Amino acid sequence: MSTIAENIAKVRARIREAAQAFGRESAEIGLLAVSKTKPAPAIREAFAAGIADFGENYLQEALAKQDLLQDLPLHWHFIGPIQSNKTRALAERFDWVHAVDRLKIAERLSAQRPDHLPPLQVCLQVNVSGEASKSGCAPEELPALAAAVARLPRVRLRGLMAIPEPTDDPAEQRAAFARLRQLRDDLGMDLDTLSMGMSHDLEAAIAEGATWVRIGTALFGARDYGTLPDTTPHS
Ligand SMILES: *Cc1c(COP(=O)(O)O)cnc(C)c1O
């Protein structure tokens, strides 16, 4: 089994090679380490190997790990679906929220963001896979949502995020990511962020302009949802 540091080196090499192949600068592609279900020591190991940005999906699990890792200068990203009764903790304890898909959530995040912190960085999640996927706002709803979120004082709209239906076909992977990029460009709002690409499709995402790739399995190994008490998807 390879270590987390070895996995990070491999993923960084994939990012570099994809950037080179598709005429991108690898410096403009952030590696977001998705640490859901993985214990705090795994995050320490990744930090020691140069990663500072971590993505979590389950609030209670994330808060517990943040408490254990307070001594490290980490940036925390919430990438899971958002329930409105969880927005206060997100506003208080995270730097980024990637999967905002309705105005009510963004309004609550803005209202609840503490004054001593910089604005919360947010992306809007868009459903680029049609009926096959339930999460994310519909592309037709995006312009109005983006305009309204951009007006909120305590969140900063950075860009768009998508989780396309999984497919092994690189052309289909690229088509979904290209849709997200086109939607971002069509907004004409000077948004610098495309959060797209996971362990199996980061190359296709980089080809289409990803600025955050969200990588779990390729860094930390397969997830075992049975090992942690607080990883229920609704928490
Ligand atoms: C779990 C998760 C990831 C990481 O997926 P891997 O296939 O393990 O790299 C990325 N993004 C989101 C939103 C996730 O929930």
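Remember, predicted model here, so these are calculated numbers, not experimental data. Whatever order the structure lists ligands and atoms in, that order sets their numbers, starting from 1.
- A heavy-atom distance below 4.5 Å is found between the side chains of R24 and T211.
- With sequence neighbours left out, the ring-ring contact (aromatic ring centres under 6.0 Å, His included) criterion links F94 to F78.
- Side-chain contact, S35 with E56: a donor N or O sits under 3.5 Å from an acceptor N or O.
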Inventory of protein N or O atoms under 3.5 Å from ligand 1 N or O:
from, atom 1, to, atom 2, distance (Å)
ligand 1, 8 (O), T217, N, 2.8
ligand 1, 8 (O), T217, OG1, 2.5
ligand 1, 8 (O), R223, NH1, 2.8
ligand 1, 8 (O), R223, NH2, 3.2
ligand 1, 9 (O), S199, N, 3.0
ligand 1, 9 (O), S199, OG, 2.5
ligand 1, 9 (O), G216, N, 2.8
ligand 1, 11 (N), R214, NE, 2.9
ligand 1, 15 (O), K36, NZ, 2.6
ligand 1, 15 (O), N57, ND2, 2.7

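- Separation of atoms NE2 (H77) and CG (L90) is listed at 13.5 Å; rounding is to 0.5 Å.
- Under the rule for a salt bridge (Lys or Arg N to Asp or Glu O under 4.0 Å), the partners of D71 that lie at least two apart in sequence or sit in another chain are R44.
- Under a 4.5 Å side-chain heavy-atom criterion applied to ILVMFWY residues, the cluster that includes L117 comprises that residue alone.
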